[in-house]
Amino acid sequence: MHFRSSSEIGTLCFLRERLTVNENIFDWAFALSLLPKLLDALIITVTATVMGMALAMLLGLLWAVLKKSKQPVMYWMATTIVEFFRSTPLLVQVYFLFYVLPDAGLRLTPFQTGVLALGIHYSAYLAEVYRAGIESVPKAQWEAAEALNFSKGHTFKAIILPQALPPIIPALGNYLIAMFKDTPMLSAITVLELLQTAKIIGAETFRYTEPLTLVGILFLILSLISARMIRFMEKRYGY
Amino acid sequence: MAIETQSNRIIQMQKVCKRYGALTVLQNLDIDIESSEKVALIGPSGSGKSTILRILMTLESIDSGRVVIDGESLYDIHEDSTGSSVSKQQVSRIRAKVGMVFQSFNLFPHMSVLRNITEAPIHVLKLSREEAEQQAVEFLDLVGLQDKINAYPAQLSGGQKQRVAIARALAMQPKIMLFDEITSALDPELAAEVLLVLKNLARKTDRTMLMVTHQMHFAQEFADRIIFMEQGKIVEQGSPEKIFNHPQKERTRSFLKTVLEAT
Amino acid sequence: MTEIFSWLPILLSGVKTTVLLTVGAALIACPMALIFGLARLSSHPSLYLPSACYIEIFRGTSALVQLFWFYYVLPHFGWKLDAFSAGVLVLGLNIGAYGAEVVRGAVQAVPREQYEAAQALSFSRQQTMTRIILPQAFVAMLPPAGNLMIELLKSTALVSMITLSELTFKGQILRASTLKSTEIFTITLLIYFLLSLCISGAVRKLERYVSYAKG
């Protein structure tokens with residue numbers, strides 16, 4: 001415990017030193033004046049993350065269930081989809097949805113497109129997390145449920161999932177943070193999240209140092225806090 | 001720092017105390033072991049037997065007491081925690097005199113049997129590769145595993161792994177060999193093959209040997225002296241004849257009765 | 001269909017830059033991961049504190065933000081980088097920080113008994129590390145390191161946003177000139193997929209090559 005906190009204090013000290021050394025270059029008053037705008041953008045970033053995660057959790061579960069399917073076609077399809085989504089850049093997936101969906105007649109706002117891309121991309125990772133969780137439930141649990149004449153669907157819903165979910169909560173948390181840190185990619189399709197807002201401020205004021213540094217610090221603070229929360233959950237739920 | 005060596009005592013432990021937090025593992029323990037003596041430590045789990053071996057192997061420190069190995073002081077710590085600490089060189093000099101075989105073998109999984117045995121002689125003792133390999137073949141011969149020279153640990157049975165571990169420890173030519181419950185992780189049949197190797201070894205060498213074991217029959221055959229311990233203290237010690245056939249203490253009798261009935 | 005063949009040379013020239021970015025960043029990431037991963041395990045504050053800072057900062061902020069920061073802010077501090085160098089440097093440092101955690105985890109996963117066995121054979125601390133612990137940890141590092149390489153390949157797409165003309169950037173340009181979004185982005189994604197398969201195939205080969213426990 002002591003060890004962790006001292007390392008984090010070290011991180012912050014390091015940052016402050018960097019900034020004060022270059023005081024003439026870093027304008028604190030200007031930086032402060034940017035905060036309200038950036039906090040608005042932060043809300044959009046967090047909203048996109050939460051919605052993207054909800055979508056990823058649903059889709060991921062779908063892939064995981066399909067991968068458990070005994071039908072080779074289903075299994076093969078789910079496996080390929082998961083591999084493909086995981087092995088290709090989120091940014092290109094974002095572009096794909098942004099340019100192709102309208103051609104297909106589906107008009108979404110940039111924000112909705114971004115959430116969709118985040119959800120799809122991360123569903124591939126979550127499928128693996130679910131799989132690990134499901135496999136961590138002993139086979140004997142399936143057999144016990146079978147012995148009690150439960151249907152397959154009921155066994156999965158009532159017996160397996162409740163046991164498989166708690167141990168994967170920390171892993172889900174880690175992907176939530178990872179997704180949070182990927183939201184700046186949505187700036188590529190003009191979503192007004194943190195990075196896009198910083199870029200606009202930079203273009204308007206010709207000062208990139210303060211907005212970009214602040215965005216970095218905001219990400220760092222939130223990541224560190226969430227990582228701390230996940231460690232707490234890890235202790236609680238164990239893995 | 002001159003330490004007088006009385007007679008030919010190779011290990012001296014005086015008033016050794018060892019605690020893990022609130023738990024006292026060794027309490028004012030005194031043990032003297034003569035050169036080339038074969039000693040078996042027996043007693044219920046948690047009695048501190050393995051801790052003694054780990055202290056002698058310098059894997060654990062002590063809280064107070066005095067430990068002298070082959071005339072060199074390893075610890076001399078007073079009860080108020082003051083006392084001399086020994087230099088790093090001295091620790092490594094002492095360590096070189098002691099070899100240990102572990103309960104869980106602890107072979108290096110990424111090395112062949114041959115390299116497991118030659119790695120330390122080549123890089124620590126600075127033997128030439130030819131010398132080290134020739135010697136390794138001899139030790140493998142001794143434990144009956146010449147044909148496994150190029151195998152990897154994962155390809156061996158538990159008993160074979162333990163025999164390689166014995167050869168590996170012997171290859172460092174230690175004056176003192178420590179065996180820490182080396183058959184506890186093995187099936188009876190495999191344990192028997194390891195014990196056979198050990199019995200041959202005990203007969204052939206004049207090395208000092210110290211073993212922790214739960215195999216009473218083996219202790220009886222192998223050892224010159226049996227030390228029965230409980231709760232960090234020596235309850236009774238003496239020749240196998242005395243301990244197994246005429247134990248003086250009630251506690252020794254009841255322990256032996258339980259253990260021998262179970263096997 | 002024939003126009004696909006006219007796009008391919010353009011896309012492939014982007015692939016070249018993508019591959020160079022990946023390899024260059026990997027060459028930075030590997031030593032960074034090893035040095036800082038081991039330093040993180042040290043009990044010396046002068047070693048683990050800087051390493052903890054590096055790891056937390058590069059893992060705690062977004063790769064794209066880091067890229068913009070190095071490209072747009074560093075010049076104000078008198079250090080000007082072209083897009084390719086910024087890309088190689090940032091991606092290398094970013095993946096290196098994740099790699100440091102992989103190294104740390106793999107070293108910590110080597111059982112304590114291996115240290116004890118090495119100590120019982122009088123190996124020095126340094127010998128124990130280089131001869132006993134690291135070779136075992138290396139085998140455990142490979143699968144997660146392979147995953148990181150794929151993450152690295154994917155993150156090279158970010159460098160298109162500071163105008164480096166790699167695969168994604170070429171795709172964008174082609175899309176703008178032809179408006180064939182579906183075809184061009186599908187091909188682009190497929191190329192990335194193929195590159196990923198190459199990486200995972202190579203890593204699997206390497207895993208087979210170094211695995212010792214042949215059971």
Side-chain angles (χ1 to χ4, degrees), chain A residues 3-4 6-15 18 22 25-26 83-93 95-104 177-178 180-185 187-188 194-195 198-199 202 207-213 215-224 227, chain C residues 18 40 43 45 48-57 59-78 147 150-151 153-158 160-161 167-168 171-172 175 179-186 188-197 199-200:
Chain A
F3 183 79
R4 288 290 326 175
S6 64
S7 80
E8 269 153 31
I9 289 167
T11 310
L12 296 175
C13 289
F14 173 75
L15 266 179
R18 267 217 82 98
N22 305 290
I25 300 175
F26 195 89
E83 273 309 305
F84 189 80
F85 287 166
R86 263 208 321 191
S87 313
T88 52
L90 173 58
L91 183 62
V92 185
Q93 293 171 4
Y95 284 140
F96 186 94
L97 293 179
F98 187 68
Y99 291 111
V100 172
L101 286 185
D103 285 358
I177 298 183
F180 172 63
K181 287 182 295 193
D182 269 352
T183 52
M185 280 187 224
S187 68
L194 276 171
L195 182 63
K199 272 160 67 184
R207 289 198 72 106
Y208 282 97
T209 310
E210 291 82 1
L212 281 176
T213 308
V215 167
I217 293 174
L218 282 176
F219 269 106
L220 186 61
I221 292 172
L222 280 168
S223 300
L224 287 177
Chain C
T18 294
R40 187 74 180 76
S43 48
Y48 75 70
L49 275 181
S51 130
C53 286
Y54 161 66
I55 294 172
E56 297 292 348
I57 288 175
R59 291 181 45 197
T61 57
S62 160
L64 191 57
V65 175
Q66 290 159 22
L67 198 59
F68 272 80
W69 202 88
F70 272 68
Y71 193 63
Y72 291 108
V73 177
L74 265 193
H76 290 276
F77 294 76
N147 286 338
I150 291 175
E151 292 299 320
L153 168 74
K154 285 160 53 184
S155 54
T156 57
L158 301 179
S160 70
M161 294 187 65
L167 177 55
T168 304
Q172 280 270 57
R175 190 210 66 83
L179 296 180
K180 305 257 178 185
S181 313
T182 315
E183 293 86 343
I184 285 166
F185 283 126
T186 304
T188 309
L189 284 170
L190 280 174
I191 294 176
Y192 276 113
F193 189 48
L194 278 179
L195 290 173
S196 293
L197 287 180
I199 293 177
S200 52

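Letters A, B, ... mirror the listed sequences (proteins, then strands); counts begin at 1. Being a predicted model, the structure only gives us computed values, none of them experimental.
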Legend entry - Region of C:T186 that comes under 4.5 Å of a non-hydrogen atom in chain A: both
Inset, instruction - Quick one: closest heavy-atom pair of A:I177 and A:A227, and the distance? - result: CD1-N, 3.6 Å
Inset, instruction - Side chain from CB out, backbone as N, CA, C, O: work out which of these in C:Q66 comes under 4.5 Å of a heavy atom of chain A, or both, or neither. - result: neither
Inset, instruction - Check whether A:Q93 gets within reach of chain C through its side chain, its backbone, both or neither, counting any heavy atom under 4.5 Å. - result: both
Legend entry - N/O donor-acceptor pair under 3.5 Å between C:T18 side chain and C:L167 backbone: yes
Legend entry - For chain C, the option from A:S223, A:S87, A:A188, A:A104 that forms the most heavy-atom pairs under 4.5 Å: A:S87
Legend entry - Among A:F219, A:F98, A:Y99, residue most engaged with chain C (heavy-atom pairs, under 4.5 Å): A:Y99
Legend entry - Closest contact, heavy atoms only, A:P211 versus A:G202: CG-N, 4.5 Å
Inset, instruction - Check each atom of C:L197 against the heavy atoms of chain A and say whether the ones under 4.5 Å are side chain, backbone, both or neither. - result: neither
Legend entry - Pairing of C:R59 and C:E56 as salt bridge, 4.0 angstrom limit: no
Inset, instruction - Return the minimal non-hydrogen interatomic distance between A:P184 and C:L64, and the atom names on each side. - result: O-CD2, 3.4 Å
